[in-house]
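These notes are about the structure you will find just below.
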Amino acid sequence: MPIEPDARGYFGAFGGRFVPEVLVAALDELEGAMGDAFADDAFWSGYREALRDFVGRPSALYPARRFLGEDASAPLLLKREDTNHTGAHKINNTVGQALLAMRMGKRRLIAETGAGQHGVATATVGAKFGLPVDVYMGALDVERQALNVYIMQLLGATVHPVSGGTKTLKDATNEAFRVWAAQVEESFYVIGSVVGAHPYPFMVREFQKVIGEETRAQCLERYGRLPSDVIACVGGGSNAMGMFSAFIDDADVRLWGVEAAGEGLTSGKTAAALGAGSVGVLHGSRSYLLQSDRGQVIETHSISAGLDYPGVGPEHAYLKDSGRATYVAVTDGEALAAFHECARREGILPALESAHALAFAKKLAADRGPDALIVANLSGRGDKDIAQIRALGERSEVPR
Amino acid sequence: MKLAAAFAASTRRRPAFIPYVMAGDPDLATTAAIVRALARSGATAIELGIPYGDPLADGPTIAAAGARALAAGVSIDDVLALVAALAPEIASSIVLFTYFNPLDRYGLERFARDAAAAGAAAVIVPDIALEESEELRAIFARHGLDVPMLVAPSTPPERAARIAAASTGFLYVVSRLGVTGAGSEPDFTPLRRQLSALRAATDLPLALGFGVSRAEHVRAIADEVDAVIVGSAFIDALAGLSGEAAVAATARFVNDLFASA
């Protein structure tokens with residue numbers, strides 16, 4: 001069974017509710033409605049139906065035979081979240097939260113977004129279910145991700161540039177919390193990752209656990225056994241929690257979370273909260289955090305906008321400290337190389353986020369024998385990153 | 001000065017006046033001059049903000065003031081040194097206001113000891129709800145620091161009574177949904193209902209804040225509250241000023257806020 005947080009929303013020493021009092025009643029209301037919905041088969045069948053008919057699930061588990069090269073001995077399977085509608089795992093969660101919002105009688109959706117993927121996924125379910133959507137996005141990200149801004153607008157959402165602080169995801173999240181505080185009665189805050197105050201980290205994981213459940217069943221059916229290793233990239237950590245949660249009790253399945261090292265864990269230009277951070281409180285929960293000696297959140301860096309976040313979900317902090325999962329980090333350069341290799345050898349353009357998981361899969365496969373069975377979560381497709389990769393001016397030099 | 005003593009001695013302003021100032025915005029010398037001016041103008045207590053880069057409970061005015069102070073390099077140690085310099089010479093209580101993470105990083109025990117030694121009377125931490133506050137309240141109480149807790153319009157009555165029971169110094173009543181600063185007007189009808197329920201639940205002074213910005217607000221609620229907390233409107237009034245100009249603007253702001261109709 002996946003881990004349940006305690007009554008106060010803690011996974012071990014991590015989680016909780018560090019929010020202004022004005023939000024506590026809304027979190028209580030959400031927790032009650034969520035518990036009620038989760039115990040109701042009709043809620044889950046509506047969710048599964050939307051995942052099947054709108055998102056296009058189940059997603060494939062694809063044996064990537066050429067990505068590792070000829071000398072790799074361990075087989076590698078890619079969980080194809082990139083083939084979901086809107087191109088990433090994010091929509092699993094926004095479908096679930098939108099259904100819950102409607103069940104609660106909420107009339108508007110609020111979302112934060114960094115690169116724009118969660119914003120697009122929220123705008124998409126807003127359009128599908130007929131709910132107005134307000135997306136908060138750092139002013140710098142609005143500039144950098146102009147295409148996603150336009151897509152959200154085409155889907156009918158209103159995008160609000162946030163000009164405070166570093167003008168990125170951290171500040172967009174602050175602003176979404178503030179706006180929610182002013183509209184708690186009518187609005188539902190759709191958080192995009194396993195972060196935030198209780199019950200968000202638990203709830204988002206429950207809406208992403210379909211990734212791991214499908215993967216586990218597909219492995220058993222196709223290969224007659226469980227994977228030896230499961231790999232997923234970790235920013236806030238929702239695709240990884242969705243993948244890991246199905247394997248928590250399978251002690252022989254090694255779980256690997258791959259953070260963005262940026263230019264290196266000790267470079268000062270990193271986004272690896274677990275690898276280079278310390279314990280603190282951000283956006284409503286206690287977890288690992290990139291912060292200064294004075295407890296100020298510091299600016300992060302990753303080539304991948306979706307991993308460029310100073311915090312990480314509290315359940316990952318718990319899995320790290322308990323030793324159940326191992327967290328490693330991959331640099332910008334390694335991720336970019338994995339992007340090109342996957343494009344040229346598998347015919348798949350992975351998201352730069354997912355390319356971090358692929359880069360680590362390659363390292364791990366070199367250490368594993370032929371009996372291993374490695375699964376990496378291909379959490380999203382790379383179309384959104386094409387302009388950035390083109391601007392880097394790199395031409396792929398991967399041999400066919 | 002302790003909050004209880006400051007409230008007892010406070011007769012000049014009705015309701016009592018609790019202004020908020022961001023320490024180090026635009027510089028610590030200006031903050032010191034403003035705090036002295038506020039004390040002279042009859043403030044019962046003065047909230048001194050310790051800057052934090054991710055202030056979830058604050059609107060744009062205080063968030064920007066905090067960003068200016070951080071850009072000037074202001075640290076917890078700087079603010080505590082300012083408190084130590086000001087506390088002996090003013091008759092107003094000094095209430096520190098900051099977020100949980102910088103306190104946690106500094107060390108709650110160490111912060112409580114240093115803040116008490118500097119002469120602070122209380123500490124407000126707006127991002128720890130009741131459930132997370134027990135350890136902090138116990139540590140701060142051991143060092144003689146009050147911890148005023150917040151009650152919001154969305155807080156159910158039974159919970160509000162538990163918050164009031166945990167609060168010390170005063171009870172911080174949030175006037176409306178949302179964050180500090182300009183925005184929607186306080187809605188006085190439900191607010192009066194809540195204030196009267198709180199009055200029955202606690203003997204603590206009731207201090208109203210968030211969005212209280214004008215003399216009309218103060219007059220409208222003067223009979224129902226013991227104090228008004230004014231932050232963003234005051235910071236806006238001092239925008240761009242330092243030194244003597246800031247001191248003069250402070251006196252004008254307080255006179256206008258407490259002007260009779």
Side-chain angles (χ1 to χ4, degrees), chain A residues 6-10 15-29 162-167 169-187 196-198 278-287 289 291-299 310-311, chain B residues 50-60 62-64 66-67 70 73-78 98-107 111 125-134 149-156 159-160 163 167 172-181 183-184 210-211:
Chain A
D6 72 14
R8 289 171 55 218
Y10 277 85
R17 257 188 205 173
F18 294 82
V19 292
E21 170 62 22
V22 63
L23 293 175
V24 171
L27 291 166
D28 280 341
E29 182 195 3
V162 176
S163 52
T166 55
K167 303 182 172 56
L169 175 59
K170 166 179 82 74
D171 308 283
T173 307
N174 291 340
E175 196 59 20
F177 267 109
R178 292 177 183 129
V179 170
W180 191 35
Q183 318 176 346
V184 280
E185 279 147 12
E186 67 269 23
S187 295
H198 178 64
S278 53
V279 175
V281 167
L282 176 67
H283 295 151
S285 56
R286 187 187 283 280
S287 185
L289 173 65
Q291 61 181 325
S292 72
D293 293 344
R294 293 175 175 179
Q296 302 287 344
V297 180
I298 57 181
E299 208 167 333
Chain B
I50 300 176
Y52 179 56
D54 293 270
L56 270 193
D58 284 308
I62 292 179
L70 286 174
V74 173
S75 68
I76 288 182
D77 292 324
D78 294 330
T98 193
Y99 288 79
F100 184 73
N101 199 55
L103 294 188
D104 191 43
R105 192 75 185 161
Y106 191 92
F111 182 81
V125 188
D127 62 340
I128 46 164
L130 181 63
E131 289 73 13
E132 297 291 352
S133 67
E134 198 172 315
M149 302 287 288
L150 285 79
V151 168
S154 52
T155 308
R159 180 179 171 81
I163 292 172
S167 188
Y172 194 137
V173 183
V174 174
S175 76
R176 55 160 164 72
L177 297 175
V179 293
T180 59
S184 60
F210 282 45

Measure A/V24 against the heavy atoms of chain B and call it side chain, backbone, both or neither at under 4.5 Å. side chain
Taking A/Q296's backbone N and O only, do any of them form a donor-acceptor pair with B/R105's side chain (distance below 3.5 Å, no angle check)? no
Do other residues, nucleotides or ligands put more than 12 heavy atoms under 6.0 Å from the CD atom of B/E131? yes
Member of B/V179, B/D54, B/L56 meeting the side chain to side chain contact (heavy atoms under 4.5 Å, CB included) criterion with A/F177: B/L56
Side chain, backbone, both or neither of B/Y106 within contact of chain A (heavy atoms, under 4.5 Å): neither
Side chain, backbone, both or neither: which part of B/D58 has an atom under 4.5 Å from a heavy atom of chain A? backbone
Select one option (side chain, backbone, both, neither) describing which atoms of B/A67 are under 4.5 Å from chain A's heavy atoms. neither
At a 4.5 Å cut-off on heavy atoms, which part of A/E185 comes close to chain B: side chain, backbone, both, or neither? side chain
Checked B/D104, B/V151, B/I163, B/V125 vs chain A; the most non-hydrogen pairs under 4.5 Å come from B/D104
Of the listed B/S133, B/A64, B/A152, B/A63, the one with the largest count of heavy-atom pairs under 4.5 Å with chain A is B/A152
Under 4.5 Å from any heavy atom of chain A - which part of B/P51: backbone
Less than 4.5 Å apart, any side-chain heavy atom of B/I128 and any of A/V281? no
Quick check on A/E175 against chain B: is it the side chain, the backbone, both or neither that has a heavy atom closer than 4.5 Å? neither
Taking the side chain as every heavy atom from C-beta outward, state whether B/M149 and A/E21 have any pair of such atoms under 4.5 Å apart. no
Quick check for you: among B/S75, B/P153, B/P156, which has the greatest number of heavy-atom pairs under 4.5 Å with chain A? B/S75
Which atoms of A/S292 are under 4.5 Å from chain B, going by heavy atoms: the side chain, the backbone, both sets, or neither? backbone
